[in-house]
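Accompanying notes for the structure given below.
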Amino acid sequence: TSVILHKRTAYEDWEDPERKRDLLRLWLAGMAVYSLAVKPIYTTKALLVGSAVAGLLVSLGFALIPTDRPRTLMAAESIVIFSFLLHVMGHAVGLYAKISFYDKILHFVVPAGVAYAVYALSQSTRWIWPWTRIRPAETALYLFCIIVTFGVVWELFEFGTDVLFGTHEQGDNMDTMMDMLADVSGALLGSDWDGRL
């Protein structure tokens, strides 16, 4: 008998949830190291490196979550890592400075992705479902409220770093309001990704 060995392609590696998560972790770790060598414009080096390290710690925290649906949990984890990565790259590579609308893109894309991640997390752990029956529209509203709250907390965090550390995370009132509008739009899209509303 002959054995045909199948050589995995890069696409197949990327489609594997565990491989995808590991590659994103490695990328974020690389950006953490790279951040030590750059001088960010809008934030401090310590906050930038801290953001990358926080992303890695959150990722490792996923290993402590019990689940009977590991692929779903890994999908949620990958989205969270990627969200941290987009933010870190924005400062480390200078995308916030080079692309005027990069911040607005993140304020739309990250809430949409995190809404899906929270839903995937709830499905992999069953933490929404054991205590009540929730209709699809209620699930969408629940996710929307969580993600919009995250957006508000993020704006408060940006304000706090600007006041305490002299960073330039926020612009004027218009910039903050446009960020929040993008957060709300992304949260709405992510919460209703399968037409629950």
Side-chain angles (χ1 to χ4, degrees), residues 10 14 19-64 74-118 120-121 146-190:
W14 184 249
R19 179 77 172 148
K20 183 185 299 184
R21 182 206 55 200
D22 292 345
L23 288 172
L24 287 170
R25 273 185 187 168
L26 185 61
W27 191 0
L28 185 56
M31 291 307 301
V33 173
Y34 177 74
S35 296
L36 293 169
V38 300
K39 184 176 181 181
I41 298 172
Y42 300 121
T43 191
T44 67
K45 186 179 292 191
L47 286 171
L48 178 56
V49 174
S51 295
V53 171
L56 292 169
L57 291 175
V58 169
S59 174
L60 293 176
F62 273 81
L64 303 176
M74 276 188 273
E77 182 181 355
S78 295
I79 292 169
V80 171
I81 299 170
F82 190 63
S83 297
F84 275 97
L85 185 58
L86 289 174
H87 173 68
V88 171
M89 286 180 58
H91 286 299
V93 184
L95 298 177
Y96 283 119
K98 294 174 184 173
I99 304 171
S100 61
F101 51 88
Y102 185 78
D103 182 53
K104 300 301 175 277
I105 291 173
L106 261 63
H107 275 280
F108 178 79
V109 170
V110 170
V114 172
Y116 178 78
V118 171
L121 182 61
I146 289 174
I147 303 309
V148 169
T149 301
F150 283 161
V152 171
V153 170
W154 182 255
E155 290 301 322
L156 292 172
F157 173 77
E158 286 185 344
F159 174 74
T161 60
D162 286 356
V163 171
L164 296 174
F165 303 109
T167 60
H168 302 286
E169 294 281 356
Q170 288 189 323
D172 56 12
N173 187 51
M174 176 66 76
D175 176 65
T176 302
M177 291 300 103
M178 292 301 292
D179 285 352
M180 293 184 75
L181 181 60
D183 289 337
V184 168
S185 300
L188 184 60
L189 176 69

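Treat the numbers as computed from the prediction; the structure is a model and nothing was measured.
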Please work out which of the three classes, parallel, tilted or perpendicular, describes the rings of Tyr96 and His91, given edges at 30° and 60°. tilted
Min side-chain heavy-atom separation Ile41-His168 under 4.5 Å: no
Apply side chain to side chain contact (heavy atoms under 4.5 Å, CB included) to residues Val114 and Val118 and explain how you reach the verdict. CA-CA 6 Å; Val114 172; Val118 171; 4.1 Å; yes
Is it the case that the side chain of Thr161 and the backbone of Thr167 share a donor-acceptor pair, with hydrogens and angles ignored and the cut-off at 3.5 Å? no
Separation between CG of Leu28 and CE of Met89, rounded to the nearest 0.5 Å: 10.5 Å
Measuring from atom CG of Leu60 to atom CZ of Arg25, what distance do you get when rounded to the nearest 0.5 angstrom? 5.0 Å
Does any non-hydrogen side-chain atom of Asp183 lie less than 4.5 Å from one of Val148? no
Would you indicate whether the side-chain heavy atoms of Phe157 and Glu169 approach each other to under 4.5 Å? no
How many angstroms lie between atom CG of Leu95 and atom OH of Tyr102, to the nearest 0.5 angstrom? 5.0 Å
Just do the side chain to side chain contact (heavy atoms under 4.5 Å, CB included) check on Val93 and Met31 with the steps written out, would you? CA-CA 9 Å; Val93 184; Met31 291 307 301; 3.8 Å; yes
If you apply the rule side chain to side chain contact (heavy atoms under 4.5 Å, CB included), what do you find for Leu121 with Phe62, and how did you get there? CA-CA 10 Å; Leu121 182 61; Phe62 273 81; 4.1 Å; yes
With heavy-atom distances below 4.5 Å as the criterion, would you say the side chains of Leu189 and Phe108 are in contact? yes
Counting N and O atoms only, with roles assigned by atom type, does the side chain of Asp179 sit under 3.5 Å from a partner on the main chain of Glu155, one being a donor and the other an acceptor? no
Distance from His107 atom NE2 to Lys104 atom NZ, nearest 0.5 Å? 6.5 Å
Would you say the side-chain atoms of Lys45 pair up with the backbone N or O of Leu36, donor to acceptor, closer than 3.5 Å? yes
Within this structure, what is the NZ-CG distance for the pair Lys20 and Asp22, rounded to the nearest 0.5 Å? 12.0 Å
Minimum-distance pair of heavy atoms, taken over all atoms of Ala76 and Ala117: CB-O, 3.4 Å
Backbone N/O of Gln170 and side chain of Asp175: donor-acceptor pair under 3.5 Å: no
Using every non-hydrogen atom in the two residues, find where Val49 and Ser35 come nearest and quote the distance to one decimal. CG2-CB, 3.8 Å
So which atom in Ala115 and which in Ala187 form the shortest heavy-atom distance, rounded to 0.1 Å? CB-O, 4.5 Å
Could you go through Leu23 and Trp27, starting from their C-alpha distance and side-chain angles, then the distance that decides it, and tell me whether this counts as side chain to side chain contact (heavy atoms under 4.5 Å, CB included)? CA-CA 6 Å; Leu23 288 172; Trp27 191 0; over 6 Å; no
Distance check, rounded to the nearest 0.5 Å: Ile81 atom CD1 versus Arg21 atom CZ? 7.0 Å
Shortest non-hydrogen contact from Ser51 to Phe84? O-CD2, 3.4 Å
